[in-house]
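Input: a single structure, listed below in structure tokens.
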Amino acid sequence: MKIGLVCMLKGRGMKKGFTGIKALEKLSQVEIDKKACEAALYNIDYTLECLKWVKNHGQGMFRVSSSLIPYNEFWNWKNFDSILEKLKILKKFAKDNNIRLIMHPDQFTVLNSENNEVVHNSIKILNHHYEISELLGVEDIIIHVGSSKGDYKERFIKNTKLLNKKLKAKILLENCHSVGIEDVIEICEKTGIRPCLDFHHDRIKPSSQSFENYIEKILNLSKNKVPLAHISSPAGDEKNSYKSHSEYISTEDLIKFRKYFDLFDVEIEAKGKEKAVKKVVDFFKKI
DNA sequence: TCGTGTCAAGGCCCT
DNA sequence: AGGGCCTTGACACGA
């Protein structure tokens with residue numbers, strides 16, 4: 001049972017260096033290199049701080065932010081030895097302390113889009129995540145199905161064939177607001193991709209059966225790896241802010257989902273970040 | 001120094 | 001066909 005912190009400590013996040021592409025395009029390459037490299041070095045140091053927090057509290061899991069290397073397409077970050085050196089330190093720290101590192105590209109990754117350019121761009125995003133994952137020893141890259149229109153499952157299955165095999169082996173598919181765990185499992189069975197179960201998304205988009213009935217399949221599809229799950233509590237009720245995350249995982253939800261913490265490594269998706277993780281850890285210490 | 005509006009990318013839903 | 005919304009923090013800019 002690992003309990004995962006997501007991307008940052010409360011109150012502080014990654015540096016980007018500049019706001020938006022328009023601002024970036026006004027700069028010379030030298031200026032972009034300088035600002036972006038500075039931001040990347042800051043981000044890597046900050047990520048190490050997060051890992052130290054994880055080490056000291058024994059949760060054993062952390063999601064690395066996708067903006068670790070900001071605006072990666074616009075500069076040759078791999079040419080900067082200072083960055084590669086720092087990444088090595090991160091990798092070693094995670095490995096030495098048995099911290100499972102996760103990555104989770106954002107909503108713009110739509111492998112099954114009806115638009116080919118979007119598919120192409122999604123593959124670029126995934127390839128970037130793969131590069132970072134190799135440098136950091138990340139074995140899990142979680143994505144959503146993306147589109148839920150028409151033959152979306154067939155498109156997803158077809159497009160996974162475009163992925164590098166080693167990248168594909170790292171990918172997990174998570175149920176989301178629009179595609180339930182049952183459909184995710186169907187895609188996983190046909191592609192060999194591992195599923196990731198989001199307990200809260202299952203409330204928003206339930207499948208034909210309660211999620212408990214899919215646990216066995218999820219365990220089987222996870223092969224020899226510990227399966228991953230996401231937990232979050234809604235900020236509002238079903239009419240209002242039900243999709244957004246609250247500060248902490250509610251005690252009610254911890255009681256409801258506690259038995260799955262034995263089977264899964266669980267990422268804590270909550271605004272309270274490390275405080276929310278701490279609360280979950282304390283909950284399990286007490287029982 | 002503080003507060004506020006802006007920021008690459010997609011999908012979906014409503015009009 | 002087009003606009004708002006999803007979600008959230010960093011940053012730039014103006015007061």
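Every chain is numbered from 1 and lettered A, B, ... according to where its sequence line falls, protein lines coming before strand lines.
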Checklist outcome for this item: Per the under-4.0 Å heavy-atom filter, residues of residues 9-27 of chain A near DNA chain C come out as A/R12, A/G13, A/M14, A/K15, A/K16, A/G17, A/T19
Checklist entry - Is the distance between the ring centroids of A/H104 and A/H230 less than 6.0 Å? => result yes
Checklist entry - Got a sec, which residues hit side chain to side chain contact (heavy atoms under 4.5 Å, CB included) with A/H200, two or more places apart in sequence or on another chain? => result A/D198, A/R203, A/I204, A/S232, A/P234, A/Y242
Enumerate donor-acceptor pairs with a distance under 3.5 Å from any side-chain N or O in residues 80-88 of chain A to protein atoms, sequence neighbours excluded.
unit_1: A/K86; atom_1: NZ; unit_2: A/D45; atom_2: OD1; d: 2.9
unit_1: A/K86; atom_1: NZ; unit_2: A/D45; atom_2: OD2; d: 3.3

Next on the checklist: Distance check, P atoms only: B/dG5 and C/dG4, in whole angstrom units.
Outcome noted: 15 Å
Checklist entry - Can you name the salt bridge (Lys or Arg N to Asp or Glu O under 4.0 Å) partners of A/R12, sequence neighbours left out? => result A/E49
Next on the checklist: Just the rounded figure in Å: distance from C1' of C/dT7 to OH of A/Y242.
Outcome noted: 18 Å
Checklist outcome for this item: A/E38 meets the side chain to side chain contact (heavy atoms under 4.5 Å, CB included) criterion, sequence neighbours left out, with A/K34
Checklist outcome for this item: Whole-Å distance, A/N121 CG to B/dA9 C1', equals 6 Å
For nucleotides 12-15 of chain B, print each protein N/O atom paired with a nucleotide N/O atom at under 3.5 Å, atom names and distance only.
unit_1: B/dC12; atom_1: OP1; unit_2: A/S148; atom_2: N; d: 2.6
unit_1: B/dC12; atom_1: OP1; unit_2: A/S148; atom_2: OG; d: 2.6

Let me check something: any side-chain donor-acceptor pairs from residues 272-287 of chain A under 3.5 Å, sequence neighbours excluded? List them with distances.
unit_1: A/K273; atom_1: NZ; unit_2: A/V6; atom_2: O; d: 3.2
unit_1: A/E274; atom_1: OE1; unit_2: A/K10; atom_2: N; d: 2.7
unit_1: A/K279; atom_1: NZ; unit_2: A/I249; atom_2: O; d: 3.4

Checklist entry - Whole-Å distance between C/dC6 P and A/D106 CG? => result 17 Å
Item to check | Minimum heavy-atom distance A/T109-A/I143, with the two atoms named | outcome: CG2-CG2, 4.3 Å
Checklist entry - Partners of A/F211 by ring-ring contact (aromatic ring centres under 6.0 Å, His included), sequence neighbours excluded? => result A/F199, A/F257, A/Y260
Item to check | Distance in angstrom units between A/F74 CZ and B/dC7 P, rounded | outcome: 15 Å
Checklist entry - Residues two or more places apart in sequence or in another chain: which of them pass side chain to side chain contact (heavy atoms under 4.5 Å, CB included) with A/Q107? => result none
Item to check | ring-ring contact (aromatic ring centres under 6.0 Å, His included) partners for A/Y42, two or more places apart | outcome: none
Item to check | Interface residues of residues 151-159 of chain A with DNA chain C (non-hydrogen, below 4.0 angstrom) | outcome: none
Next on the checklist: For a quick check of understanding: with a heavy-atom distance under 4.0 Å over all strands, which category does A/T109 fall into, base, sugar-phosphate or nothing?
Outcome noted: nothing
Checklist entry - Looking at A/S244, does any N or O in its side chain come under 4.0 Å of the phosphate oxygens OP1/OP2 on C/dC6? => result no
Item to check | Stems formed with participation of DNA chain B [Watson-Crick or G-U wobble, under 3.5 Å, three or more pairs] | outcome: B:1-7 with C:9-15, B:10-15 with C:1-6
Checklist entry - Atom CZ of A/F108 to atom C1' of B/dC7: distance rounded to whole Å? => result 10 Å
Checklist entry - Expressed in angstrom and rounded to an integer, what is the separation of A/Q107 atom CD from B/dA8 atom P? => result 14 Å
